[in-house]
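Structure, as structure tokens:
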Amino acid sequence: EKYYTVEIELDGFTLSTERIDSLEVAEQLKNLLENRIEIADVIQKEKIIKPDLPFDLTTLQRECNKYFGYSAKQTLDYAQSLYEKKLITYPRTDSRYLTEDMITSTVNDILGKNDFDTERIKVVFNSKKVTDHHAIIPTVSSLSEDISKLPESEAKVYRLISNKFHASVGYPLTQNTTKIVAEFDGFEFTSTGKVIKEEGFTKYLKEYKSKKNEDLELPDVSIGDVITIENKEIKEKYTQPPKHFTEDTLLKAIELAGNDALEKGVEVEREGLGTPATRAGIIENLIYKEFIERDKKNLIATPKGKSLIEIVADNFKSAEMTAQWEMELSEIAQGKSSKKEFLEKLETIIPWETFLELIQPSYYRGELGNKPYPLELMLRIFILQNVYNLADMAVMNEVIDSRAFSNFCGINSPSEVPDGDTIGRFRNILTRNGLQEKIFAAVVKILMERKLILKKRNNCGFHIYRIPFIHKKPGKET
């Protein structure tokens, strides 16, 4: 949406209004402004910012994407290579803390003569917050290696890990912020600046500093000062739509997804979606299956991905389900819930007895050849062929060889599957007796009750009723 601001240039700085939706109002304000304006308020605050903790894998991947444009998978690969070269500690960690028994060796051998804040040592080294593996830091042996001989990509990751660790035990950043306010005709004109007083830990991170964050020092003015307006103008601006995800912001969203749905006081094995070691794979898998695509640093949903989201029920799109399952698993671990009951809820998607009741034995006995095939098996194959649009027997035969098909149909070997003629005769029997539509209706009803599909169609017809399984083609997986 278009909006406007009125800006006035003073001696060495500029004051601006907030958003004004009407051009007429903005022009009226500009015309009413005189040649001088009085300062109504000067707000000064001192802000102290403490450093971040050392990296876990997810925060390393995020910052490598932000600073270098590396994908999550690339960062994991570079970190793994550095680990195998004994230059950094184990990278696939979800902890940002170090254990207390590491204090002496780390301070003596890695921090060395570098200045550090002893108060931060107490924060960073906390054994209670370390799970399987501690935070990612340089190894002692890496300090005697020539990092310049590494591939540039690995050297960048190593230096970032090292700088981040030194920064994590550095002194706080101290900055003064100033906000100058002038008022006219009910409108506020403001400007905000900041000045760094003590750079603290940021001295280790200067090479990653954005130019947008450079200091803006405002002049020394006081309340009641009347300052000459050197220029006034109307700026036309537009509201910005939500930004596309980058791997940096997506990884953060994945890490936090569903956390607000977790009950307070319930300790779960993991929070968010996936683990630090699997999140890169999740993103790459979505790209490989063409649900999202890269556009420079951005990750964009494809038409295929948008169609998938449109037809999937809300609860399956929500991270709250993951949070709910994690809480149930936590209760199982504590002996408060039954593992068997939890698995039973997940194992059965379609109650096949519903379909078996639709078909009388007389409808198919004697017409399917000499070999008796279980009715449930015939129904599962029929549904795969029709509801899942696998009418081509060549494709059907390829699917039959897959493990997913065997699981779906409850068979141990493809040899247990009837031949194409038998399947065709079974389909004809159902059609002749008016059962095909009833079976479709039963499938849809069950999936609707289980909230696996939405009550809507699109141009793909029955494609919206699919339950996914693996169908492999050369070079592609769909």
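- Checked by atom type and distance alone, the side chain of Glu154 never pairs as donor or acceptor with a backbone atom of Pro151 at under 3.5 Å.
- Without hydrogens or angle criteria, Arg279 side chain to Ala72 main chain gives no donor-acceptor distance under 3.5 Å.
- Across Ile180 and Leu15, no two heavy atoms sit closer than the pair O-CD2, 3.9 Å.
- The environment of Glu152 atom CD is sparse: at most 12 non-hydrogen atoms of other residues, nucleotides or ligands sit within 6.0 angstrom.
- The two residues Val130 and Ser95 come nearest to each other via the heavy atoms CA-OG, 3.7 Å.
- With hydrogens and angles disregarded, a donor-acceptor distance shorter than 3.5 Å links the side chain of Asn163 to the backbone of Arg159.
- Annotation for Asp11: atom CG does not count as buried by contact number, only 12 or fewer foreign heavy atoms lying within 6.0 Å.
- Geometrically, Lys164 does not engage Tyr204 in a cation-pi contact, judged by NZ or CZ lying under 6.0 Å from the ring centre and within 45° of the ring axis.
- For Glu198, the CD atom is loosely surrounded, since the number of other residues' heavy atoms within 6.0 Å does not exceed 12.
- Residues forming a ring pair (Phe, Tyr, Trp, His ring centres under 6.0 Å) with Tyr78 (at least two apart in sequence, or on another chain): Tyr70.
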Verify side-chain hydrogen bond (donor to acceptor under 3.5 Å, both in side chains) between Glu24 and Gln28, making sure each step is shown before the conclusion. CA-CA 6 Å; Glu24 291 181 2; Gln28 184 180 22; over 6 Å; no
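- When every heavy atom of Pro54 is checked against every heavy atom of Ala135, the shortest pair comes out as CB-CB, 3.8 Å.
- The heavy-atom pair separating Asn231 from Glu233 by the smallest distance is ND2-OE2, 4.2 Å.
- Under a cut-off of 6.0 angstrom, the local environment of NZ in Lys129 is sparse, with at most 12 non-hydrogen atoms contributed by other residues, nucleotides or ligands.
- Side chains of His244 and Asp295: no donor on one and acceptor on the other come within 3.5 Å.
- Not one N or O on the side chain of Ser337 forms a donor-acceptor pair closer than 3.5 Å with the backbone of Glu331.
- Proximity of a side-chain donor or acceptor of Thr14 to a complementary backbone N or O of Leu10 within less than 3.5 Å is not detected.
- Dense packing is recorded around CD of Glu100, with more than 12 heavy atoms of other residues, nucleotides or ligands lying under 6.0 Å away.
- Screening Arg19, Gln240, Lys237 for a side-chain hydrogen bond (donor to acceptor under 3.5 Å, both in side chains) with Glu1, the sole residue that qualifies is Arg19.
- The shortest distance between side-chain heavy atoms of Gln61 and Leu76 falls below 4.5 Å.
- Nearest heavy-atom pair across Thr246 and Asn298 is CG2-OD1, 3.7 Å.
- Pairing each heavy atom of Leu98 with each of Phe165, the nearest pair is CD1-CE1, 3.7 Å.
- Using a distance-only test at 3.5 Å, with no hydrogens or angles considered, a donor-acceptor pair links the side chain of Thr302 to the main chain of Glu290.
- Side-chain contact between Ser153 and Gln74: absent, with no pair of heavy atoms (C-beta onward) separated by less than 4.5 Å.
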Extract all donor-acceptor atom pairs below 3.5 Å that involve side chains of residues 137-147 and protein atoms in other chains or at least two apart in sequence.
unit_1: Thr139; atom_1: OG1; unit_2: Lys86; atom_2: O; d: 2.7
unit_1: Thr139; atom_1: OG1; unit_2: Leu87; atom_2: O; d: 3.3
unit_1: Thr139; atom_1: OG1; unit_2: Ser141; atom_2: OG; d: 3.2
unit_1: Thr139; atom_1: OG1; unit_2: Ser142; atom_2: N; d: 3.2
unit_1: Ser141; atom_1: OG; unit_2: Lys86; atom_2: O; d: 3.1
unit_1: Ser142; atom_1: OG; unit_2: Thr139; atom_2: O; d: 2.6
unit_1: Ser142; atom_1: OG; unit_2: Tyr158; atom_2: OH; d: 2.7
unit_1: Ser144; atom_1: OG; unit_2: Ser141; atom_2: O; d: 2.9
unit_1: Asp146; atom_1: OD1; unit_2: Ser148; atom_2: N; d: 3.1
unit_1: Asp146; atom_1: OD1; unit_2: Ser148; atom_2: OG; d: 2.4
unit_1: Asp146; atom_1: OD2; unit_2: Ser148; atom_2: OG; d: 3.2

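- Between the CD atom of Glu236 and the OH atom of Tyr3 there is a distance of 11.0 Å, given to the nearest 0.5 Å.
- For Asp101, the side-chain hydrogen bond (donor to acceptor under 3.5 Å, both in side chains) partners two or more places apart in sequence, or in a different chain, are Thr99.
- At a threshold of 4.0 Å, the pair Lys252-Asp248 does not count as salt-bridged, since none of the basic side-chain nitrogens sits closer than that to a carboxylate oxygen.
- A side-chain donor-acceptor contact under 3.5 Å links Arg120 to the backbone of Ser168.
- Checked against Phe189 for a side-chain contact (heavy atoms from CB on, under 4.5 Å), the options Ile39, Thr5, Leu33 give a single hit: Leu33.
- Between Glu199 and Lys206 there is a salt bridge, since a side-chain N of the basic residue sits under 4.0 Å from a carboxylate O of the acidic one.
- Around NZ of Lys85, the count of heavy atoms belonging to other residues, nucleotides or ligands within 6.0 Å exceeds 12.
- With hydrogens and angles ignored, the 3.5 Å screen pairs a side-chain donor or acceptor of Lys297 with a backbone N or O of Lys66.
- Counting only heavy atoms from C-beta outward, the side chains of Lys128 and Asn126 approach each other to under 4.5 Å.
- Dense packing is recorded around CG of Asn31, with more than 12 heavy atoms of other residues, nucleotides or ligands lying under 6.0 Å away.
- In this structure, Phe184 and Leu29 have side chains that are in contact, with non-hydrogen atoms separated by less than 4.5 Å.
- With salt bridges taken as basic N to acidic carboxylate O contacts below 4.0 Å, none links Glu7 and Lys30.
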